[in-house]
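Just below is one structure, and these are the notes that go with it.
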Amino acid sequence: MSKVDLPSEYDAHAAATKWSAAWDQAGVFVADPEKDGPAFSIVIPPPNVTGSLHMGHAFEHAIIDSLTRYKRMDGYNVLWLPGTDHAGIATQWVVRRQLDAQGIDFRDLGREAFVEKVWEWKAESGGRIKEQMSRMGVSCDWTRDKFTLDEDLQVAVTEHFVRLYEEGLIYRGERLINWDPMDQTALSDLEVENEDHVGELYSFAYPIAEEGLAGPDGSVVTEVIVATTRPETMLGDTAVAVHPEDPRFKHLIGKHVKHPFVDRLIPIIGDAILVDPEFGSGCVKITPAHDFNDFEVGKRHSLPMINIMNRDGTLNKECGQFTGLDRLDARPKVKEALAALGLERGSEPNPMKLPRSQRSKAIVEPMLSTQWFVSMKPLAGPALAAVELGATRFVPKTWENTYYSWLRDIRDWCISRQLWWGHRIPAWYDESGNVFVARTFAEACDQAGHDQLTQDDDVLDTWFSSALWPFSTMGWPERTVDLDRYYPTSVLVTGFDIIFFWVARMMFAGLHFTGQVPFHDVYIHALIRDANGDKMSKTKGNVVDPLDSIEKHGADAFRFTLLAYAAQGRDVLWNEERVEGYGKFVHKLWNALRFCFMTMSDEDSSYDPAAPKEYGAYERWIQSRTGAAAARVRQAMDDYRFNEAAAEIYAFTWSEFCDWYIELAKTTLYDSNATAAQKNGTRHTLFETLSAIVRLLHPMMPYYTEEIWDKLPQTQGFVTTAAYPRPDAYAVDEAALQSMAEFQQAVGEVRRIRGEMQIARRIPLKVLVGDAGLAERLQSHAEGWAHLVNATVEPLEDRPKAVATAMVGEVELAIPLEGVIDIEAELDRLSKELVKVEKDVRDLEKRLGNKGFVAKAPPHVVAGFNEKLEVATARRDALRASQSRLGG
RNA sequence: GGUCGAUUAACUCAGUGGGAGAGUGCCACCUUCACACGGUGGAAGUCACUGGUUCGAAUCCAGUAUCGACCACCA
């Protein structure tokens, strides 16, 4: 078993290449539904095939991968299903821009040729995404890789549409929708972003049509003044509304104003819902076809709805002299024309929100249009109930509010898009416009009784297919083995930004079609920002490419950093220095391994796990601590507290295993009096502890741990498939724990004296212990004292004149100073120490002197403080005594 | 306008009722045979502010300030 040749540094890139290939070849990540074990399944939030992955993806994948690796090791039957999303509008944009750069207008290409181009792009982008994920070391099942436009997923989408249609939950109708004039498509409410903007609130007058109309004060009313942020919309006005109780205007209700540009009389109506008499002039122009509030007014009052815009945002033939102008160019023209007629009534700056398309950034126009909609109210109910009743749980819980608030106030979902890239709507029309919704063209023909049908040109909102992702990827609508075995999924790991877009929609689609929630837990992770707290974005140029960081520090340190950052409920400010820090951790553990190797393969006494073993106190101590660490790491992982899990492993490895156990193991290994069984017990414990560390760490550092596992003696197979450490596999030895705690404390005190008084290590110290029992217990660590602090321990019998004083609990440790250090230094140290201790005593006395505290606090708390006071008092007295003995 | 979150050491961040923590950085000492990407020790905080509840508050409640996110929105 000579695996001795360990390089002095871990080669992250070589390990990544080697183990990726090895895992792949062994097929260890391919889910097998036939195998035993409770199911644990996660579907990836499918990245868009718009480009490459960013830090947010890397973060998400690190979390998912650590969860799946943890569960896989722990005996679960794990499926991590990867895939990508066609991202209709976003991807169409990417390819459209590329064509623009080549001077090609995508519309000239024609639908078929354009879609062909997008597929080419998809192959490129999808490949890059897969490559990036592989570099991260993800353990997903590539044999189940899915794309939302795969044939089987198209079948699922069609089924989704047809069934909802048959159930009356999808309808086609003319409604006011958000229109993107640049992409020339409808958008859902969610795809519109409201941007802060200081606009102009512009006022103008509509002349009253009826002549000689008297106002409340008897004077003649000739006009009403209205205000708008979009003056051009006045071309579509079909009413002016006032509050029905407003004494200034209520007599005008039923009268008319005359439109200055088009030949139209416009009624003045009373509407108490819309009009706030306190705001502005108290009169509101009503444009039912281009404003959501006005649309409602129009419905209430059966107003005509005049669409004034073409698909590209230019004004149509309803607009008289302004016909053909873009609506934004028309705005100043309309104002000019109003001014020319003397109807302008001033303007003021107006802070407002400008609705923009999430994708094209074009200013979105509310427009009357015939589109397909999902009727949301009936679907939202069960989705709400599932979370309210706890069938699905959000972590952190606070995101449930976000989810609720959206679903409780849900509006119908516009799902048709006037795009080319996406799932074609399974609806056909005959010459007279009758609609046939069917799974196939043939089915539609059957319904129609002939085949003179043309399919709807539109495609579906990307999220309409994403909504099915947890079950469409497993074969729905077929009833597959995968669905039986792995659905519902265990947990969804995603960002808060798509709770509405995706999480909520998967919830109602899943509940509606499978009768089950699509996932039991939803872990919402934080957003990764740059070191200044700014959102990473290409335009700001502050994007960190995950691959750069992996290149620099290795995938292991990179992943560990992401997880160490993953505290709940807080954004992550990415700091590359932290990756460097965890790179040191990699280095440290690697060197611990090198040490263990040396000891396990001495020429004359190589490690033999079968040989007799004898465990000393240190072995029993580190075993106890290993079990405790495993319990803490597991708990943290189970609670999705990845940062705590990472911190536990880090601290256990460094502060317990390296700092204490390895150092103390040397005392046995280098002790010529130690028996072979003792040495073998020590070697075995070194190995066992390393083995536990490596397995605990594996979900976070897959390559690194696989590399170590491979080199460890007596390990078989991959660490990937080894058992995750169980606390009950490690015996707890209370006596060893206590003895070690005492020893560690005493060593710490002596080290402090060395450090503070600058006593060189080469000068041996004698430690006189003021309590016989403790002296004896500490003496049992004689080799440790020698190795760790170059000291010997004896009971304090004849007190030397000059000693430095330290305390372990209430027991004094006296270190003779003669020939070691000058007395002034110790007096100095003592007085500083005394200041602290005296304050300590005062504080404790004050607390315990509080009658309320003693009476009302739980007895164990009071007892605890009493003990602390005793210790502090003893410490103070000992230090004072020492001080006076030294003549201070 | 509504909802939610944040404010803790120089920096990055943990910490949900019982004497303030980690990593990095800083200072001092140590080139001891796994590791100087290391070891040992040390300095460093009015837990944003004000009030309240409590024997006891970084932690719970109310309010204030600052920053941020999301949702909605009056022409």
Side-chain angles (χ1 to χ4, degrees), chain A residues 6 8-9 189-190 194 201-203 226-230 233 241 274-276 278-287 291-294 297 350 352-353 396 398-399 401-402 404-406 409 496-497 499-500 527 529 531 533 535 564-565 567-575 577-578 580-599 641 643-644 647 650-651 654-655 658-659 662-663 666 670 747-748 751-762 787-790 840 843-844 847 850-858 860-862 864-865 868 872:
Chain A
L6 201 57
S8 63
E9 297 231 16
D189 299 339
L190 289 178
N194 293 309
L201 187 61
Y202 177 85
S203 299
V226 293
T228 176
T229 56
R230 293 178 295 157
T233 59
L274 178 79
V275 182
D276 171 6
E278 306 294 314
F279 188 90
S281 68
C283 303
V284 188
K285 62 187 277 303
I286 303 295
T287 324
D291 182 281
F292 287 98
N293 286 310
D294 294 2
V297 176
N350 184 43
M352 55 185 281
K353 301 283 185 178
T398 171
W399 291 110
N401 290 327
T402 307
Y404 290 145
S405 67
W406 189 65
D409 193 24
F496 62 82
D497 49 330
I499 290 177
F500 304 146
L527 194 73
R529 300 170 172 278
K535 226 171 176 167
Y565 259 127
Q568 289 180 7
R570 193 164 172 161
D571 286 349
V572 171
L573 272 56
W574 183 254
N575 189 342
E577 281 174 26
R578 207 160 153 182
E580 281 171 38
Y582 291 120
K584 292 182 182 179
F585 176 59
V586 166
H587 184 76
K588 178 80 178 177
L589 180 56
W590 188 257
N591 278 290
L593 177 71
R594 288 178 64 211
F595 167 76
C596 294
F597 256 65
M598 285 172 42
T599 69
R641 297 179 179 276
N643 60 317
E644 283 180 19
Y650 185 99
W654 203 310
S655 309
C658 291
D659 287 352
I662 285 188
E663 290 310 318
K666 289 173 184 173
Y670 299 158
V747 165
R751 277 174 169 169
R752 197 149 66 95
I753 286 174
R754 257 198 202 284
E756 287 179 2
M757 299 180 71
Q758 304 213 358
I759 307 170
R761 207 198 114 85
R762 66 187 145 72
H787 178 67
L788 296 176
V789 276
N790 189 19
D840 213 18
D843 289 352
L844 287 163
R847 178 181 290 257
N850 182 337
K851 285 189 193 109
F853 173 70
V854 178
K856 293 192 182 175
H860 73 273
V861 173
V862 178
F865 277 100
K868 282 172 184 166

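Numbers restart at 1 for each chain; the letters A, B, ... are given by sequence-line order, proteins then strands.
- Residues A:Ala227 and A:Ala592 each lie close to RNA chain B; by heavy-atom proximity, the contact nearer the 5' end of the strand is made by A:Ala592.
- Ring stacking holds between A:Phe279 and B:rC74, with the centres under 5.5 Å apart and the planes within 30 degrees of each other.
- Remark: A:Glu663 CD is packed, more than 12 non-hydrogen atoms of other residues, nucleotides or ligands lying under 6.0 Å away.
- A sub-4.0 Å separation between OP1 or OP2 of B:rA34 and a side-chain N or O of A:Lys666 is present.
- Relative to the six-membered ring of A:Tyr650, A:Lys588 misses at least one condition, a distance below 6.0 Å or an angle of at most 45° to the axis.
- At B:rG39, one or more side-chain N or O atoms of A:Lys588 fall inside 4.0 Å of OP1 or OP2 (strictly under the cut-off).
- Residues satisfying the salt bridge (Lys or Arg N to Asp or Glu O under 4.0 Å) test with A:Lys353, not counting sequence neighbours, are A:Asp196.
- Listed by chain and number, the residues in a salt bridge (Lys or Arg N to Asp or Glu O under 4.0 Å) with A:Arg578 amount to none (sequence neighbours excluded).
- No engagement by A:Phe585 is indicated, since no non-hydrogen atom pair under 4.0 Å with the nucleic acid exists.
- The base of B:rA22 lies outside donor-acceptor range of the side chain of A:Glu644, with no N or O pair under 3.5 Å.
- Using C1' as the reference atom, B:rG21 and B:rA14 are 7 Å apart when rounded to the nearest Å.
- Under 3.5 Å, the side chain of A:Glu9 and the base of B:rC37 form at least one donor-acceptor pair of N or O atoms.
- Taking side-chain N and O atoms only, A:Arg752 has a distance below 4.0 Å to OP1 or OP2 of B:rG42.
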| said: Could you spell out the base pairing of RNA chain B as a dot-bracket line? Use Watson-Crick and G-U wobble contacts where both distances are under 3.5 Å, [ ] for crossing pairs, | for partners on a different strand. | reply: (((((((..((((....[..)))).(((((.......))))).....(((((..]....))))))))))))....
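- Rounded to an integer number of Å, the gap from CG of A:Asn575 to P of B:rA14 is 14 Å.
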| remark: Each nucleotide of nucleotides 66-72 of chain B classed B (base within 4.0 Å of a protein heavy atom), S (only sugar-phosphate) or -, in 5' to 3' order, makes ---S-SB
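- Inter-residue side-chain proximity for A:Thr287 and A:Arg230 is flagged as unmet; no heavy-atom pair is nearer than 4.5 Å.
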| task | Go along nucleotides 25-32 of chain B 5' to 3' and tag each nucleotide: B for a protein heavy atom under 4.0 Å from its base, S when only backbone or sugar atoms are that close, - otherwise. | result | ---SS--B
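- Taking the salt bridge (Lys or Arg N to Asp or Glu O under 4.0 Å) definition, one finds that A:Asp571 meets it with A:Arg529, sequence neighbours left out.
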